[in-house]
Amino acid sequence: MSNLIAHWNYFLVIALMMIGFYAVIARGNMVKKMVGLTIFQTSVFMLYISMGKVANGTAPILTGDATTLYANPLPHVLILTAIVVGVATTAVGYALIIRVYESYGTIEDDELIKIIEAEENAEASNA
Amino acid sequence: MQDDVVIRVIAKVMIPAVMLFALYVQFHGDYGPGGGFQAGVIFAAAFVLNAMIFGLNRGRHVWPTGLNLLAICAGVLLYGLTGIASMLLGANYLDYDVLGATPQSGQHIGILLVEFGVGLTVASVMVALFFTFAGRLTHIRLMAKMQVHEEADQRKTKRKAKSTKKRARK
Amino acid sequence: MSGFFVNAALISLLTLIAFLAIRLHRLFAVVMLSGAFSLVAATLFVVLDAVDVAFTEAAVGAGISTILALATLSLVPANEKPHDFAFVPAFLAFATAAMLAVAVADLPVFGDVNAPIHNHVAPDYLQGSAEDIAIPNVVTSVLASYRGFDTLGETVVVFTAAIAVLLVLGGWTRRK
C-alpha cells in the first residue's frame, strides 16, 4: 500500500501512456490518433519531470542560499525542448491528414484502405 | 469576428502587452523562468491573435511570408554562427567562454545570442504553421476558382476552333 | 505533504480527461479536452517544480497545438465513425501496463533526494551554473550552454518541421 502511494505518479503515468497507446492502435480516425499521440507524449514528459522532483525542494533557480534543495534541472531541459519539437512534428502530422482528406475524401483508416485497394485493383485490371 | 467591438478593442490592447511580455520572457530567461522557446511561442501567439481577429490577409500584411521564411532561417543561422564565432576565437564549437572579456561575460553573451536565435526561429515557425493551416481553405477555394476559369477557357478555345473550321468549309 | 495531495489529485484529473478524450466521437470536443489536458498538465508541472516546462506546456500545448488541431478540423470531417470496442488493442495495452507496473515497483520512491538521477550530473550543473556561468536559472544555462549541441539539434528539427508543413500545405505549385 505504501508502495502504491510512493509510486502514485508513476502508476498514473503508465495509465495515461496506455490510454494514449490504445487510442493510437485501436482508433481508425487519424485526428483521434494524433490526440492519442499527444497524450502518450505528455505521459512521457510527466514521467521525466516526476523523476526530477525532490521532496521539499524548489524550482532550479538559484537563490544564493546554500541550504536550499533544488529539483533536478536536467529532465526539465530535455522536456522543454521535447514539447516544442513535439508540437512541430504534430503539425506535420495534421498537415498530412489534411492532404490525405483532400486526395481520398476520408480520414478513417479502414475506408482509406478500401479506396486504395479498389484503385489498385482497377489499375491491375486495366493493365 | 471583425464586427465584434469588444473583441477588437480588447485585442488591440492585448497584442502589444503580449509582445512585450514575450520580450521580457526572452531576455529575462537568465534570471527567471523563460527563454527562447517560451518567448517564441508567446510572440507568435500575438500574431496568431491578430490574424484571428482582423483576418488572415491583414495578418499576412503585418508579417509577410517572405520575411517569415527569412526569420526562420536567420534564427538557426544565428545559433550556428555563434558556435563558429567561438571556434574562430580559438575555443571549441559553442564554447562561449572566449566571446567576452571574462569567461562569465562570454557565457552571458553566448547564451543571449543563442536564445535569441531559438526565439526567432520558434516564433516565425509557429506563425508560419498557423498561416499555412489557416490559409489552406482560401487556397482550396482559389484552386477551385482557377479550375472553373480554366474549363471556361478551354470551352472558349474549342468554340473558336469550331467556328474557324466552319468558316474554312464555307 | 499537502503538495503531494495536490499532485496526486491533478494527475488523477489528467487521467480522467485523457480517458474521456478518447471515448468521445465528436472531434471538436476531443480537441478541446486535449487543450484542457495540456492546461492541467502545465499546472502539474508547476507543482513538480518545473516552472520552465510548465510555461512551455501552457503556451504550446494549450495554445498553438489546440489552434492547429482546430484549423485541421475546419478542413476535415469533425465526427468520428463509431467503432466497436477493440479487444486485441485493449488486451495489448493492459499487458504492457502490467509489465510497466512491475518495472515501476523497482524505481526509487517519488521525491527521494538520494535517487541515482540526482547524484549523477545534476550537482555539477547546479554548482557550475553559479560559478562558471553566473546565471541563476540553471535550466537556461544547461539548455543553452552545457547542452548547446542538443538545443541546436532541436532548433533544426523545428526548422525542418516548418519546411515540411510548408511543402505539404503551402500550395506552391510551378507556374505553367
Side-chain angles (χ1 to χ4, degrees), chain B residues 22 25 28-42 44-45 48 52 65 68-69 72-73 75-76 79-80 82-83 93-97 102-105 107-108 110-115 117-118 121-122 124-126 128-130 132-140 142-143, chain C residues 46 50-61 63-65 67-75 128-129 131-141 143-173 176:
Chain B
V25 170
H28 201 259
D30 301 2
Y31 301 98
F37 284 102
Q38 295 94 322
V41 177
I42 295 171
V48 171
M52 276 170 81
T65 317
N68 197 10
L69 281 176
I72 293 179
C73 304
V76 178
Y79 202 130
T82 311
Y93 190 68
L94 290 175
D95 180 359
Y96 317 129
D97 280 359
T102 59
Q104 275 88 356
S105 69
Q107 289 281 355
H108 274 250
I111 288 175
L112 213 63
L113 285 174
V114 160
E115 290 271 18
V118 170
T121 298
V122 171
S124 39
V125 164
M126 294 301 159
L129 289 183
F130 176 73
T132 319
F133 272 80
R136 191 66 189 172
L137 205 60
T138 359
H139 173 251
I140 292 170
L142 199 73
M143 293 307 265
Chain C
V46 175
V51 278
D52 281 276
V53 183
F55 214 148
T56 319
E57 177 73 37
V60 171
I64 301 285
S65 193
I67 286 177
L68 289 184
L70 288 177
T72 309
L73 283 186
S74 70
L75 297 169
S129 180
E131 288 164 8
D132 303 340
I133 300 179
I135 64 170
N137 190 352
V138 187
V139 174
T140 301
S141 67
L143 182 92
S145 184
Y146 288 110
R147 290 185 163 256
F149 274 82
D150 197 350
T151 312
L152 176 60
E154 309 270 15
T155 315
V156 174
V157 172
V158 173
F159 169 78
T160 317
I163 300 297
V165 170
L166 284 173
L167 286 179
V168 173
L169 288 188
W172 286 326
T173 46
K176 283 170 198 167

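Chain letters run A, B, ... following the sequence lines, proteins first, then strands; residues in each count from 1.
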Counting only heavy atoms closer than 4.5 Å, note whether C:Val60 contacts chain B via side chain, backbone, both or neither. both
Heavy-atom nearest pair, B:Tyr79 first then C:Gly148, reads OH-O, 2.7 Å
Is a side-chain donor or acceptor of C:Thr155 paired with a backbone partner of B:Val118 at a separation under 3.5 angstrom? no
Closest contact, heavy atoms only, C:Glu131 versus B:Gln104: O-NE2, 2.7 Å
Please look at C:Leu152 and chain B and tell me whether the side chain, the backbone, both or neither of the residue comes under 4.5 angstrom of a heavy atom of that chain. both
Ring centres of B:Tyr93 and C:Phe149 under 6.0 Å apart? yes
Evaluate side-chain contact (heavy atoms from CB on, under 4.5 Å) for C:Thr56 paired with B:Val41, printing each intermediate quantity in order. CA-CA 8 Å; C:Thr56 319; B:Val41 177; 5.7 Å; no
Would you call B:Tyr31 and C:Thr140 a side-chain contact if the rule is heavy atoms closer than 4.5 Å? no
If we define contacts as heavy-atom pairs under 4.5 Å, which of C:Ala59, C:Ser141, C:Gly63, C:Ser74 has the most with chain B? C:Ala59
Atom pair CD1 (C:Ile163) and SG (B:Cys73), whose distance is rounded to the nearest 0.5 Å: 6.0 Å
Interatomic distance, C:Leu68 atom CG to B:Phe130 atom CZ [nearest 0.5 angstrom]: 8.5 Å
Step-by-step side-chain contact (heavy atoms from CB on, under 4.5 Å) determination, C:Ile133 to B:Ile111: CA-CA 10 Å; C:Ile133 300 179; B:Ile111 288 175; 3.8 Å; yes
Part of C:Leu75 within contact of chain B (heavy atom distance under 4.5 Å): side chain
For B:Asp97, give me all partners under side chain to side chain donor-acceptor pair (under 3.5 Å), at least two apart in sequence or on another chain. B:Gln107
Say you draw a straight line from OG1 of C:Thr151 to CD of B:Glu115; how long is it, rounded to the nearest 0.5 Å? 8.0 Å
Within the structure provided, determine whether B:Phe37 and C:Leu143 are in side-chain contact (heavy-atom separation under 4.5 Å). yes
My understanding is that only residues two or more places apart in sequence, or in another chain, count here; which of them pass ring pair (Phe, Tyr, Trp, His ring centres under 6.0 Å) with C:Tyr146? C:Tyr125
side-chain contact (heavy atoms from CB on, under 4.5 Å) test vs C:Leu166 passes for just one of B:Leu129, B:Leu69, B:Thr65, B:Asn68, namely B:Leu69
Tell me if a side-chain donor or acceptor on B:Gln38 pairs with a main-chain N or O of C:Glu57 at a distance below 3.5 Å. no
Contact leader toward chain C among B:Gly110, B:Ala128, B:Gly29, where contacts are heavy-atom pairs under 4.5 Å: B:Gly29
Close side-chain approach of B:Asp30 to C:Asn137, heavy-atom, < 4.5 Å: no
Under 4.5 Å from any heavy atom of chain C, what part of B:Tyr96 do you find: side chain, backbone, both or neither? side chain
Provide the closest heavy-atom pair for B:His108 versus C:Ala134 in the form atom of the first, atom of the second, distance. NE2-O, 3.4 Å
Starting at OG of C:Ser145, measure out to CG of B:Asp95 and round the result to the nearest 0.5 Å. 7.5 Å
Counting heavy-atom pairs closer than 4.5 Å to chain B, which one of C:Ile67, C:Val51, C:Thr72, C:Asp132 comes out on top? C:Asp132
